[in-house]
Amino acid sequence: MKYYSLNNKQHEVSFQEAVVNGLAPDKGLYFPKELQPLSNSFFDTIGKLSNEEIAFQVIEQFVGEEIPKEELKKIISETLSFNFPLVQVEENIYSLELYHGPTMAFKDVGARFMSRCLGYFNKDKNQKNIVLVATSGDTGGAVASGFLNVKDVEVIILYPSGKVSDIQEKQLTTLGKNITALEVDGVFDYCQDMVKKAFLDQELQIKNLTSANSINIARWLPQMFYFFFAYKELKKLKNPLVVSCPSGNFGNICAGILAKKLGLPIQHFVATTNANDTVPRFLEDGKYNPKASIATISNAMDVGNPSNFVRIQEMYNNDLTEFKKDFSSYSYSDEETKRCMKKIYKKFKYVAEPHGAVGYLGLKKELNNSTDRVGFFLETAHPIKFHNIVESTLGISLEIPNQIKEIMTKEKSSIKISNYEELKNVILTK
Ligand SMILES: *Cc1c(COP(=O)(O)O)cnc(C)c1O
């Protein structure tokens, strides 16, 4: 499979180059050149396939010959070493729990897949890559865990000081080895801007920088897998399906839409946001007008200018009318989110953390009491990762899972930085 830059369709690269580069030299995101829909027989027999088999068929065309089939199967099986339960919350609403991986966030899927692809490409080479990533919360932990001990890869993670939860901070600052955490005096967008600047910095070219945000295709593409897993479960109901993704950088929902392009029968997508409502506003007035990010209780979605939105627009040829047929987007305040967490706990005994609750709200609105459609929302993190807000809102105390207990006893180690020059100095020492 070839990938082109969204800034210049003439610029084509291989899967390997797209993974290793992260972003095209012209700053464009990479996009797959041609999509081959999956066969009818795949969808007819999906109920009999294992998660690994589904994932292999979904991703195969995107990797092509660049990773041998057996090796790709191994990468997939290491990526999917945990469960993706679809839990019924009410009559026609399900929660797709994506948080049963090592760092208890959906980003484990993309991070594990990408790290193993990069490890494979580095296998016989005498070169080192530096993975540079900005996190608003969960990316950092998943990337740190996914890339720990991967050969010839150094990982540098930027996070906004004081704006991630205690568990998230521990997950990205306690592993050591090839993982370096930079605590930035500023908001997430500032971290992301510095990362983008580093990728364009000529003096850093020799460092082989790559990204591990969902702008990297090896993080983005495997996120398609779980939309297929959910379909496998819900297919028997025969109802039209609606999915709501609590959205920040719009990587998840963009993967869902790509899955639809491959033939996955999802009728409608809802991108639900917190107060960072750039996309909901765009759907209302047709003007894409990004703003600085606003801090909320669903902080992994505090993104003012979602990177993957350009990919979604590409899939609809920038045709807003066509796009709106498949896609809605709604925004919710922290107050509405908390009220919703209380409601689903009281009514259905389901504990949702703030991101999942935002997803539920958008789904509920879209379904609008219709009886024929069935929906699921992505529950993107384990409630323990946002225990302060979950416990105080619901008046309960959560049991701490073992993976988290272990990490909380470890010592935090980070380097404080406040500007680009300081970031550059750290990169140059690696
Ligand atoms: C990253 C993240 C999101 C947002 O996902 P995108 O793919 O960036 O839209 C939502 N919830 C949680 C818990 C996250 O970590």
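Just so it is clear, the model here is predicted, and its values are computed rather than measured. First listed ligand is number 1; within each ligand, the first listed atom is number 1.
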Ligand-residue contact atoms, ligand 1 with [X], heavy atoms, under 4.0 Å:
| X | answer |
| --- | --- |
| Pro246 | 4 (C), 10 (C) |
| Ala381 | 13 (C) |
| Gly251 | 6 (P), 7 (O), 9 (O) |

Distance-only donor-acceptor check, side chains [X] and [Y], under 3.5 Å:
| X | Y | result |
| --- | --- | --- |
| Asn239 | Asn92 | no |
| Thr296 | Asn274 | yes |
| Ser293 | Asp302 | no |

Looking only at protein heavy atoms, which one is nearest to [atom], and how far off is it?
| atom | answer |
| --- | --- |
| atom 8 (O) of ligand 1 | Asn249 N, 2.8 Å |
| atom 2 (C) of ligand 1 | Lys107 NZ, 2.4 Å |
| atom 7 (O) of ligand 1 | Asn252 N, 2.9 Å |
| atom 11 (N) of ligand 1 | Thr380 OG1, 2.7 Å |

Looking at ligand 1, does any of its N/O atoms fall within less than 3.5 Å of an N/O of [X]?
| X | value |
| --- | --- |
| Ala300 | no |
| Gly248 | yes |
| His355 | no |

Exercise for the section: May I ask you to identify, for Met301, whether its side chain, its backbone, both or neither come under 4.0 Å of ligand 1 on a heavy-atom basis? Expected result: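 Near ligand 1, Met301 shows its side chain, while the N, CA, C and O stay back.
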Handout entry: Minimum-distance pair of heavy atoms, taken over all atoms of Leu35 and Lys261
Key = CD1-CB, 3.9 Å
Problem - Lys197 to Tyr420 six-membered ring, cation-pi geometry met (6.0 Å, 45°) - result: yes
Handout entry: Whether Ala105 lies under 4.0 Å from ligand 1, heavy atom
Key = no
Problem - Contact check, Phe106 vs ligand 1, heavy-atom distance below 4.0 Å - result: yes
Exercise for the section: For Lys151, look at atom NZ and say whether over 12 heavy atoms of other residues, nucleotides or ligands are found less than 6.0 Å away. Expected result: yes
Handout entry: Crowding at NZ, Lys74 (>12 non-hydrogen neighbours, <6.0 Å)
Key =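 Not more than 12 within 6.0 Å, no.
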Handout entry: salt bridge (Lys or Arg N to Asp or Glu O under 4.0 Å) between Glu169 and Lys412, intermediate numbers included
Key = CA-CA 8 Å; Glu169 186 169 45; Lys412 162 181 163 181; 3.0 Å; yes
Handout entry: Side chain to side chain, Ile257 and Phe269, heavy atoms closer than 4.5 Å
Key =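 Ile257 vs Phe269: side chains touch.
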